Amino acid sequence: MAAVLVSTTVNGDAVEYSCAPRESLLDVLRNRLGLTGSKEGCGTGDCGACSVIVDGRLVCACLMLGAEMDGRTVETVEGLADGATLHPLQTKFLEHAALQCGVCTPGFLMASKALLARNANPTEEEIRFALAGNLCRCTGYDKIVRAVSAAAAELAHPAKSGTGKKTGGKKAAGGKATGKKKG
Amino acid sequence: MRYESPKTTKEAAGLLAKAKGNAFVLAGGTDLLVRLKSEVIDPDLIVDIKRIPAMQGVTKTAAGFRIGAATSCAELGENAALKKAWPGVVEAATIIGSDQVQGRCTVVGNLCNASPAADSVPAMVAAGAKAVIVGPKGRRTVGVEKVVAGPGKTTLKKGEVIEAILLGKGGAKTGDAYLRFIPRTEMDIAVVSAGICLTLGPRGIIKEAKVALGAVGPTVEIVSAATKVLVGSTLDEATLEQLAVVCSAACRPIDDKRGTIEFRTEVAGVLARRAAKIAYQRAGGK
Ligand SMILES: Cc1cc2nc3c(=O)[nH]c(=O)nc-3n(C[C@H](O)[C@H](O)[C@H](O)COP(=O)(O)OP(=O)(O)OC[C@H]3O[C@@H](n4cnc5c(N)ncnc54)[C@H](O)[C@@H]3O)c2cc1C
Ligand code: FES
Ligand code: FES
């Protein structure tokens with residue numbers, strides 16, 4: 001089994017790795033690059049917990065080979081926050097309690113990011129359709145949908161996000177991470 | 001297992017032809033990698049076709065459209081000209097799976113996976129799509145219906161790879177449509193499906209018609225009796241009744257957890273009726 005040598009860009013950084021030809025991108029991210037944010041829920045494209053963005057498109061990392069990545073660009077949940085400042089999607093997921101166990105969350109965040117990149121102001125229906133490839137066993141989805149709407153609003157008007165929650169915009173984000181545990 | 005990503009179709013065909021053991025083409029991988037993971041297949045060679053320029057993107061040709069075999073279904077949905085000319089084909093291609101699956105999957109992979117429930121296949125068959133096949137003996141072009149031999153089986157020979165799908169120009173007098181029945185609203189496999197393409201002559205009279213049903217037999221069912229019923233009509237109520245009858249009669253489905261024989265047979269007629277109405281309107285009929 002000849003190893004494949006791959007040069008790629010992960011969250012903006014040039015990365016090189018060698019992997020087995022049948023290794024999935026998900027296994028490469030988790031086991032070789034230490035990026036364990038992307039989860040394996042099913043390994044067959046059904047749950048979306050492994051969602052990442054490759055060359056600008058949302059994909060399931062479990063349905064790509066690590067070997068396919070040469071010269072391509074991948075964005076994972078680890079690249080979402082800007083240093084200690086969480087992305088508005090992350091902040092809104094916390095504020096709206098859009099997660100419980102959290103296994104599905106990295107996938108939902110990446111799918112939501114891809115959605116907002118092509119549709120800055122989605123309707124509830126559009127959000128539900130766009131997130132149909134992501135499964136959550138805990139939240140019942142409503143809170144996730146509300147969080148995505150709120151993040152869209154926040155991204156459109158960063159200064160005065162009007163979700164009724166106490167918002168600190170960028171500043172509060174880091175501290176909030178421990179603030180809410182129950183959904 | 002070896003992984004290769006050739007730059008030309010000829011190179012890909014050469015690798016496949018020379019391969020010892022199991023060799024597979026990798027397009028989007030949304031079927032292949034699931035089978036690899038579940039150890040249904042144990043490939044010795046995987047030939048990734050996504051680095052072959054001739055297999056990328058949708059191009060307009062003198063005869064119509066050429067869809068490179070490595071073009072994702074999401075890209076088909078983003079192509080305004082293709083969507084305008086062949087809305088049924090594009091709808092069928094963009095109904096597959098989730099956004100994640102859409103970003104990878106291809107209509108050629110859908111075709112070559114040879115599932116009786118493959119969504120894009122009835123729509124492509126109805127629209128008269130052709131497959132450009134490249135192999136050790138050169139190049140040949142066949143109707144897409146000729147590619148599928150049965151569940152999970154194609155007629156492709158060793159060393160053959162599909163380079164592109166060809167579609168005609170479409171036009172103001174031609175309209176196509178695709179509908180499937182699934183128990184959910186998305187992320188499910190068709191229980192029954194219908195693809196229809198109609199071309200109208202003067203006064204809204206149907207001049208040409210092709211009806212293809214999915215998931216009601218081992219391969220797509222082309223209903224020639226439906227063509228006879230439709231041609232010469234203006235899609236009045238009696239014609240629609242008759243269309244449903246002949247479509248149901250053409251079904252040879254199986255009973256499984258997704259649907260009974262009785263259900264599939266009945267719903268095939270219902271979907272054919274509804275798809276015919278949409279196709280007729282798209283062809284400029286009223
Ligand atoms: C979560 C999920 C949901 C899905 N939902 C649907 C659905 O709603 N409807 C549906 O129809 N399908 C569905 N599928 C199945 C699958 O996504 C489609 O069949 C898809 O179109 C396959 O395309 P691909 O490019 O990914 O194929 P691949 O997996 O790359 O290939 C499939 C087969 O075709 C062969 N092949 C590919 N390209 C060529 C070529 N150019 N020449 C010769 N052989 C080739 C491969 O060797 C392989 O055997 C789903 C799959 C998943 C994982
Ligand atoms: S782990 Fe990839 S979709 Fe479930
Ligand atoms: S929070 Fe547990 S699966 Fe979504």
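Computed from a predicted model, the values in this text were never measured in an experiment.
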Exercise. For the residue pair B:S98 and A:G133, what are the closest heavy atoms and their distance?
Worked result: CB-CA, 3.4 Å
Exercise. Considering all heavy atoms of both residues, which atom of A:R57 and which atom of B:A74 are nearest to each other, and what is their separation?
Worked result: NH1-CB, 3.4 Å
For this session: Name the region of A:M64, side chain, backbone, both or neither, that has any atom closer than 4.5 Å to a heavy atom of chain B.
Result: both
For this session: Answer with side chain, backbone, both or neither: which region of A:D55 has an atom nearer than 4.5 Å to a non-hydrogen atom of chain B?
Result: neither
For this session: Heavy-atom distances under 4.5 Å only: say whether B:L32 touches chain A with side chain, backbone, both or neither.
Result: neither
Exercise. A:G45, A:C60, A:A67: which one forms the most heavy-atom pairs within less than 4.5 Å of chain B?
Worked result: A:A67
For this session: Determine the option with the most heavy-atom pairs under 4.5 angstrom with chain A, choosing from B:L33, B:V34, B:L26.
Result: B:L33
For this session: Find the distance between CG (A:L63) and CG (B:D31) and round it off to the nearest 0.5 Å.
Result: 9.5 Å
Problem set entry | Engaged part of B:T30 at the chain A interface, taking heavy atoms whose separation is under 4.5 Å | both
Problem set entry | Crowding at NZ, B:K60 (>12 non-hydrogen neighbours, <6.0 Å) | no
For this session: Kindly indicate whether the side chain of B:D99, heavy atoms from C-beta on, has any atom under 4.5 Å from the side chain of A:R118.
Result: yes
For this session: Assess whether atom CZ of B:R51 is packed by more than 12 heavy atoms of other residues, nucleotides or ligands within 6.0 Å.
Result: yes
Exercise. Considering only heavy atoms from C-beta outward, does the side chain of B:R104 approach that of A:L58 to under 4.5 Å?
Worked result: no
Problem set entry | Residue A:L65 versus chain B: region with a heavy atom under 4.5 Å | both
For this session: Locate the shortest heavy-atom distance separating B:Y3 from A:P21; write the atom from each residue and the value.
Result: CB-CB, 4.0 Å
Exercise. Do you know which two heavy atoms are closest between A:A111 and B:Q100, and how far apart they sit?
Worked result: CB-NE2, 4.2 Å
Exercise. Is any side-chain heavy atom of A:C62 less than 4.5 Å from a side-chain heavy atom of B:K37?
Worked result: no
Problem set entry | Under 4.5 Å from a heavy atom of chain A, the part of B:D48 involved | side chain
If you look only at distance, which donor and acceptor atoms sit under 3.5 Å apart when one is on a side chain in residues 71-81 of chain A and the other is two or more places apart or in another chain?
{"residue": "A:R72", "atom": "NE", "partner": "A:E68", "partner atom": "O", "Å": "3.2"}
{"residue": "A:E75", "atom": "OE1", "partner": "A:K113", "partner atom": "NZ", "Å": "2.7"}
{"residue": "A:T76", "atom": "OG1", "partner": "A:N11", "partner atom": "ND2", "Å": "2.9"}
{"residue": "A:T76", "atom": "OG1", "partner": "A:E78", "partner atom": "N", "Å": "3.3"}
{"residue": "A:T76", "atom": "OG1", "partner": "A:E78", "partner atom": "OE1", "Å": "2.6"}
{"residue": "A:E78", "atom": "OE2", "partner": "A:T36", "partner atom": "N", "Å": "3.3"}
{"residue": "A:E78", "atom": "OE2", "partner": "A:G37", "partner atom": "N", "Å": "2.7"}

For this session: Using non-hydrogen atoms and a 4.5 Å limit, figure out which bit of B:S38 sits close to chain A: side chain, backbone, both or neither.
Result: neither
Problem set entry | For chain A, which residues of residues 76-94 of chain B have heavy atoms nearer than 4.5 angstrom | B:E78
